[in-house]
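Scroll down for the structure; my scribbles are underneath it.
In what follows, chains are A, B, ... by sequence order, proteins preceding strands, each numbered from 1. Keep in mind that this is a model prediction, so the values were computed, not measured.
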Amino acid sequence: MSASESIAQGMNPAQREAVLYLDGPCLVLAGAGSGKTRVITQKIAYLLRECGYMGRNVVALTFTNKAAREMDERVKTLVDRKLSKGLIISTFHSLGVKMLREEARNAGLKPTFSILDADDAMSIIQELLATTDKGRLRHVQGIISLWKNALMEPDDAAREAITPGDVEAANIYRSYAATLAAYQAVDFDDLIRIPALLLSSNEEVRTRWQNRVRYLLVDEYQDTNVCQYRLVQLLTGSRAMFTAVGDDDQAIYAWRGATIENLAKLTTDYPSIKLIKLEQNYRSVQRILAAANQVIEKNPKLFEKKLWSDLGVGEPILVSAMDGEEQEAESIAMKVSASRFERQAQWKDFAILYRSNHQSRILEQALRNLKIPYTISGGQSFFDKAEVRDVLAYLRLLANDDDDPAFIRAATTPKRGIGQTTLQALGQYAASREISLLAAVAETGLESQLAPRQLDPLRTFAEFIRRMQWRAGRGAASGKDAAPAEPAGVILDDLVEAIQYERHLFELFEERPAQTRWQNVLELTGWLKRKAEEDNMTLFDLVQHVALVTMLERGEEDEPDAVKMSTLHASKGLEYPHVYLAGVEEGLLPHLGKDDEDGDPARAAENLATRIQEERRLMYVGITRAQRSLNLSWCKRRRRAREDLVREPSRFIEEMGLGDVRVQEDEATAAMNPKERMAMLKALLKK
DNA sequence: CAGCTATTCGTTTTT
DNA sequence: CGAATAGCTG
């Protein structure tokens, strides 16, 4: 057996071809469950083990940290440590940070630039827009993000803006960009945009990176936006040594700028590209796959492909019409419980999927009532929690004086006598002198602007920050005489202690919530300390690293035996033996927001069609998560805000073509009162 | 300035 | 129904 054969053993011909093809660019159209991760990991192994590629010359990009980590782990089992040294498997955003950190000077940033999260960005836009209209704010933030992802500068945006609203948004975009520059900060979109711009404008940088990235692999290619496509192009250059893996039927991120056209564009930009289709599904039973295929058939297709499976027919797919959302939740919880018992399965074999986050609350409650262990993925990230952001604000400020949003957050939490009016005066002064808030505090000119009782807390705060910066070795970083940098862990502990954050939490919240919040803080500092030691990172390295990491990346904690709850978006790439899809209703699963404001009916109709197609793909993703059994449910009535709404089953249920079993009234459970239900469940569990 | 109460308000999906 | 915000009092 030759070496290359040994790498690709146990793979089907298409998979093997995808792994071994190295004559040029390669596009792998990988249907759901067709083993695309396997192809990518095997290909990395092949490159490193058989083709003499050095670890540092291979880059694999994903969209989520979780996917990156998973891939990394799988590669580690295939390839010797020595060979994979320097190998980059990361998200687009992490690669962007890495590039930005190494090329900060070329990008006009200081090495300790800050990364703003969506909330910080939103407050900046709010200031610039001078409005409290939430809808308007979201719209403007969204459109700026889309512009950035389409590689449009403020000038381009202004030129293309038609409505007065868009013209205003373009102006905000301009000042927003200026504000970020003043803060020495970048937002999430910039993490990819700026490296792409840098590569295209600076030949020296471009050559350096092209020499470094000898082979590039991109996962979930259908979710790339214009900016990411550009980055891929610039990194691979004319050599074009890359493999893109994607599935147009699973494109569910158009709303954040992803364009499926990128898949088609690949075949026109690289006419010689090798097209390989992965059509055998190794995940789902035939009935499930058939339903998925029937649904997605209603969408216009970019590439013809037919998924098939030889895993047997499987059980019927069940659809339940429920009266209301609490019945639905209860019914799902009971079915999961009963099914686990009947099948002698584990909790972690079950997943409950839903369209939007707020559905999770009631489901959670139902699971708790039946003492069913669960974990939620998607939803609020660990790093979005207020207490975590509070502590991180201090770290950001330590690293970057110019990070005004961090200054404001740190200076006001915990409360230390610095309030709105003080900050406003300080802000005005800083703006007139064109310096950061932190720098402004030290100026003597400020004394005429503020009363001592306002000034004192500011000075105390700034001194505290300066002292911490010094201890963290800031002097050395900025080239001044060296301060002995203390370990990041020690500084971190001292800082949290010094601001009396624990006391702050217990004053602000009840005993129990305060405790969980404090636990979160301890978890954060613990994680940071570990990271600092393991990877020998300074406090400043940590701050930038942390900005991108989601809770899914922390710790190697092995998965507990628990039911998974997840949004459909967050479920992509995962698989479960038994899947429950909740809220499969018109208005929820095809979630169709309000109609477009601008009055062109033709465009509005087209828009609607596009949106339904994306919702359909979402449904497709949901169905194809299931390996063996699939349960759908919808509510005839759903309470929203004040009113009760009558709901219709989702059109996608019809489209699945389930025939007679299509709608099963769930009389058995719906007719019972809660007491009876509990009794029935207990009897079931006793058996 | 900070903490409390009254009122408004709203609802997709996330790196 | 529940959470974020505005407005008032100590």
Side-chain angles (χ1 to χ4, degrees), chain A residues 61-68 90-97 115-119 121-122 126 132-135 138 141-142 145 148-149 186-193 220 223-225 227-228 251-258 324-326 353-362 365 377-381 383-384 386 411-424 451 453-454 456-457 504 507-509 547-553 566-572 583 587-594 611 614-615 617-619 621-622 638-645:
Chain A
L61 296 178
T62 64
F63 276 84
T64 65
N65 290 298
K66 195 169 70 178
S90 78
T91 61
F92 272 93
H93 296 268
S94 303
L95 176 71
V97 174
I115 301 167
L116 299 185
D117 58 44
D119 276 5
M122 179 66 97
Q126 187 174 28
T132 52
D133 178 354
K134 208 123 188 262
R138 290 168 86 95
Q141 188 181 33
S145 175
K148 284 192 168 191
N149 288 330
V186 299
D187 63 20
F188 273 120
D189 301 320
D190 287 337
L191 293 178
I192 297 157
R193 194 185 64 103
E220 307 280 14
D223 288 332
T224 53
N225 57 40
C227 194
Q228 286 157 336
I252 54 176
Y253 286 106
W255 53 272
R256 72 175 197 210
E325 52 204 313
E326 51 282 284
L353 308 180
Y354 37 85
R355 172 68 235 259
S356 48
N357 273 310
H358 68 261
Q359 290 175 262
S360 69
R361 190 185 314 267
I362 188 127
Q365 223 160 55
S377 67
Q380 201 194 26
S381 145
F383 290 94
D384 283 339
T412 53
T413 37
K415 303 290 174 213
R416 49 163 66 81
I418 300 173
Q420 272 307 309
T421 44
T422 309
L423 280 176
Q424 221 152 19
R453 64 175 307 138
Q454 292 178 301
D456 282 347
H504 162 77
E507 278 169 6
L508 207 58
F509 301 102
L548 318 157
V549 175
T550 69
M551 70 188 293
L552 296 160
E553 210 201 22
S566 166
T567 61
L568 287 168
H569 282 91
S571 78
K572 194 163 69 152
L588 230 196
L589 189 27
H591 181 87
L592 305 167
K594 56 275 167 205
R611 263 157 40 201
E614 176 142 330
E615 296 292 311
R617 280 182 237 119
L618 210 42
M619 179 76 181
V621 167
R638 191 174 284 270
R639 257 202 319 279
R640 197 185 50 169
R642 278 178 180 71
E643 67 238 307
D644 249 3
L645 290 177

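- A/A121 and A/Q141 get closest at one heavy-atom pair: CB-NE2, 3.6 Å.
- For A/R355 and A/A118, each mapped to the nucleotide of DNA chain B holding its nearest heavy atom, the one lying further toward the 5' end belongs to A/R355.
- At whole-Å resolution of the value, CD in A/Q141 and P in B/dT14 are 15 Å apart.
- With centroids closer than 5.5 Å and planes inclined by less than 30 degrees as the test, A/F92 and the base of B/dT15 fail to qualify as a stacked pair.
- Summarising the geometry, the separation between CD1 on A/I252 and C1' on B/dT15 is reported as 13 Å, rounded to the nearest angstrom.
- Side-chain contact between A/R611 and A/W255: absent, with no pair of heavy atoms (C-beta onward) separated by less than 4.5 Å.
- Counting heavy atoms from C-beta outward, A/K148 and A/D187 have side chains that approach closer than 4.5 Å.
- The separation between A/E325 atom CD and C/dC1 atom P is 11 Å, rounded to whole Å.
- Within the 4.0 Å cut-off from OP1 or OP2 of B/dT15, not a single side-chain nitrogen or oxygen of A/S94 is found.
- For A/D190 (side chain) and A/R193 (main-chain N/O), no donor-acceptor pair under 3.5 Å exists by modelled atom type.
- Between A/T567 and B/dT14, a side-chain N or O to OP1/OP2 separation shorter than 4.0 Å is present.
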Steps toward side chain to side chain contact (heavy atoms under 4.5 Å, CB included) verdict (A/L568, A/Y354)
CA-CA 6 Å; A/L568 287 168; A/Y354 37 85; over 6 Å; no
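- Of the candidate nucleotides B/dT11, B/dT14, B/dC1, B/dT11 has the atom lying nearest to any side-chain atom of A/H591.
- Side-chain contact between A/R256 and A/F188 is absent, with no heavy-atom pair separated by less than 4.5 Å.
- The phosphate of B/dT11 (OP1 or OP2) has no side-chain N or O of A/N357 nearer than 4.0 angstrom.
- One distance of note links NZ of A/K572 with CZ of A/F63; it measures 7.5 Å at 0.5 Å rounding.
- The CD atom of A/E220 sits 13 Å away from the P atom of B/dT15 (whole-angstrom rounding).
- Using P as the reference atom, C/dA6 and B/dT11 are 14 Å apart when rounded to the nearest Å.
- Rounded to whole Å, the distance from CD on A/E614 to C1' on B/dT13 is 8 Å.
- If you measure from atom CG of A/L618 to atom P of B/dT12, you get 14 Å, rounded to the nearest angstrom.
- Rounded to an integer number of Å, the gap from A/Q126 CD to C/dT5 C1' is 11 Å.
- Counting only heavy atoms from C-beta on, A/R361 has its side chain closest to C/dA3 among B/dT12, B/dC1, C/dA3.
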Measure all distances between protein nitrogen or oxygen atoms and nitrogen or oxygen atoms of nucleotides 2-4 of chain B, and list the pairs falling under 3.5 Å.
residue	atom	partner	partner atom	Å
B/dA2	OP1	A/G417	N	2.9
B/dA2	OP2	A/I418	O	3.4

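- Using a distance-only test at 3.5 Å, with no hydrogens or angles considered, no donor-acceptor pair links the side chain of A/E325 to the main chain of A/I362.
- Stacking between A/F188 and the base of B/dT15 is present: ring centres sit under 5.5 Å apart and the planes differ by under 30 degrees.
- Distances were taken from every side-chain heavy atom of A/R256 (C-beta onward) to each of B/dT12, C/dG2, B/dT15; the shortest belongs to B/dT15.
- The separation between A/H358 atom NE2 and C/dA4 atom P is 15 Å, rounded to whole Å.
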